Amino acid sequence: MKGECLVKVDPERPEREALERAGDVLRRGGLVAFPTETVYGLGADALNPGASARIFKVKGRPPDNPLIIHVEGPEGLWSVASSVPEEAWRLVERLWPGPLTIVVPKDPGVPSVVTGGLPTVAVRSPAHRVALGLIEAAGVPVAAPSANRSGRPSPVTAQDVAEDLDCEVDLILDGGETFFGVESTIIDFTRDPPVVLRPGPIAPEDVERIIGVRPLVPPEARALATPERPLAPGMKYRHYSPDAQLVLVEGSTNPREAAWALHCTRLWLENELGGGAAVAVLASEESIEEMRRLGLARGGEWSLGPRRDPLIAARRLYKLLRRLDREGYRAGVVEGVVEEGIGLAVMNRLRKAASRRLAIGEALSLCRRGVRP
Ligand code: AMP
Ligand code: MG
């Protein structure tokens with residue numbers, strides 16, 4: 001069955017016929033997976049409660065984790081939001097279409113299944129010709145979370161979508177690999193100052209440059225959360241995880257130290273798992289080079305790109321997490337990236353995906369605690 005619901009589209013000049021067919025599926029209450037500039041989305045007519053409810057069922061998504069509604073541009077906000085603060089409006093005028101989601105008070109016409117019962121709604125306009133063409137062809141706002149099974153790494157290719165959801169969706173538009181590889185930045189404009197609920201390709205500095213206000217980021221914003229009103233409903237769930245166990249090594253400043261720390265963690269994990277289990281290493285180009293130079297590399301070291309370039313890490317992140325499972329690894333050790341720009345988003349996802357986190361010193365001490373270096 002796999003792949004029978006897949007339809008290839010040209011990401012630059014999507015074929016009219018494919019978009020019309022997909023738009024038709026959405027208008028009739030069906031589900032369409034489609035590429036955006038961030039990850040693949042699983043779309044339904046946002047104003048049709050039955051169709052949106054099917055998204056939760058197919059993904060196995062908890063009902064209190066709301067969906068993002070996709071619109072063609074700023075004007076589309078009026079179909080789903082009851083009000084838009086002036087700062088939010090200025091921001092979307094500059095950044096849409098683009099990888100920015102805003103949270104604003106919802107219009108009563110948006111079914112509560114879409115917003116997980118919240119009085120607010122998350123909205124964005126995706127910078128991808130297939131996504132925009134689909135919204136236009138459907139003629140309705142499109143509710144779409146990432147097109148993965150809940151908890152798994154987000155899909156960056158149509159094959160990733162098919163791997164998780166097969167043909168439980170009516171149609172998968174295959175427009176090749178997505179650009180950023182991590183999900184949009186979410187900013188909550190129902191709080192003052194606005195709060196970054198999820199870091200993504202748009203950094204807090206970018207927002208400050210445009211609206212003159214720096215949104216709060218999670219450690220500073222945590223004080224605003226109450227049990228009745230958590231910052232983001234999705235935050236409490238484990239996310240982005242492969243079946244393989246993932247251990248994150250954080251805080252390395254030089255490749256030589258990182259090479260040893262990754263090696264020690266790998267040996268310790270192999271020891272713990274027993275039975276000759278293979279453990280992959282996901283690390284910066286520099287750290288992998290250093291592992292080779294020190295004679296610590298032995299295959300199964302995968303590069304997240306150069307340390308200075310977190311966009312490459314973002315683009316490889318979910319692909320490598322899925323590769324662990326595809327190649328049958330029981331575990332992976334991953335090196336943290338610098339928390340600047342999109343690197344903030346990469347670290348946010350890695351911390352949620354990892355089952356254990358080690359500081360560099362802890363990782364190094366594993367070698368001293370009886371695991372042979
Ligand atoms: P996904 O598209 O799968 O990345 O999930 C959508 C994300 O948007 C989840 O993390 C939700 O918690 C978040 N989200 C959607 N609607 C709202 C809302 N009204 N308020 C806060 N967060 C939201
Ligand atoms: Mg998701």
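Please read these numbers as outputs of a predicted model, since none were measured by experiment. One-based numbering, in listed order, for ligands and for the atoms of each.
Close approach of ligand 1 to T120 (heavy-atom distance below 4.0 Å) involves ligand atoms 18 (C), 19 (N), 20 (N). Atoms of ligand 1 lying under 4.0 Å from at least one heavy atom of R198, given by number and element, are 1 (P), 4 (O), 5 (O), 7 (C). Residue L118 approaches ligand 1 through these ligand atoms, each under 4.0 Å from one of its heavy atoms: 18 (C), 19 (N), 20 (N). Taking a cut-off of under 4.0 Å to the non-hydrogen atoms of S146, the atoms of ligand 1 that pass are 1 (P), 2 (O), 3 (O). Near L67, with a cut-off below 4.0 Å to any heavy atom, the atoms of ligand 1 are 15 (C), 16 (N). Atoms of ligand 1 found under 4.0 Å from any heavy atom of L197, numbered from 1 in the order shown, are 21 (C), 22 (N). Those atoms of ligand 1 that come under 4.0 Å of a heavy atom in I68, given as number and element, are 2 (O), 6 (C), 8 (O). For ligand 1, the atoms lying closer than 4.0 Å to a non-hydrogen atom of I186 are 7 (C), 8 (O), 13 (C).
Checked against the 6.0 Å centroid criterion, the rings of W302 and Y329 qualify as a close aromatic pair. Aromatic rings of F34 and Y40 (six-membered ring for Trp) have centroids beyond the 6.0 Å cut-off, not under it.
Geometrically, ligand 1 and K59 share no nitrogen or oxygen pair separated by less than 3.5 Å. For a threshold of 3.5 Å applied to N or O pairs, the pair formed by E183 and ligand 1 contains no separation below that value.
The stretch residues 29-46 participates, sequence neighbours left out, in these salt bridge (Lys or Arg N to Asp or Glu O under 4.0 Å) pairs: E37-R124.
Ligand 1 has at least one atom lying under 4.0 Å from a heavy atom of V121. Contact annotation: N148 has no heavy atom less than 4.0 Å from any atom of ligand 1. Within the 4.0 Å heavy-atom cutoff, R61 counts among the residues contacting ligand 1.
Residue R13 qualifies as open at atom CZ: its count of foreign heavy atoms under 6.0 Å is 12 or below.
Between the side chains of R315 and T178, no donor N or O sits under 3.5 Å from an acceptor N or O. With no hydrogens or angles considered, a side-chain donor-acceptor pair links S287 and S284 at under 3.5 Å. If you check the side chains of R307 and S252, you find a donor sitting under 3.5 Å from an acceptor. Side-chain contact check for E183 and S146: no donor-acceptor pair (N or O, by modelled atom type) lies under 3.5 Å. In this structure, a donor-acceptor pair under 3.5 Å is present between the side chains of T101 and S184.
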Side chains of residues 200-214: which donor-acceptor pairs under 3.5 Å do they make with residues two or more places apart or in other chains?
unit_1: D206; atom_1: OD1; unit_2: R209; atom_2: NH1; d: 3.4
unit_1: D206; atom_1: OD2; unit_2: A203; atom_2: N; d: 2.7

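The distance from the OG1 atom of T265 to the CZ atom of R356 is 10.5 Å, given to the nearest 0.5 Å.
Distances from atom 20 (N) of ligand 1 to the heavy atoms of V39, T36, V103 show the closest one on V103.
Counting only distances under 2.8 Å, and ignoring water, the protein N, O or S atoms around the Mg ion (ligand 2) are S146 OG.
A search for salt bridge (Lys or Arg N to Asp or Glu O under 4.0 Å) contacts involving R292 returns nothing, not counting sequence neighbours.
At a 4.0 Å heavy-atom cut-off, ligand 1 touches N65 through the side chain alone.
Counting only heavy atoms from C-beta outward, the side chains of M347 and L248 approach each other to under 4.5 Å.
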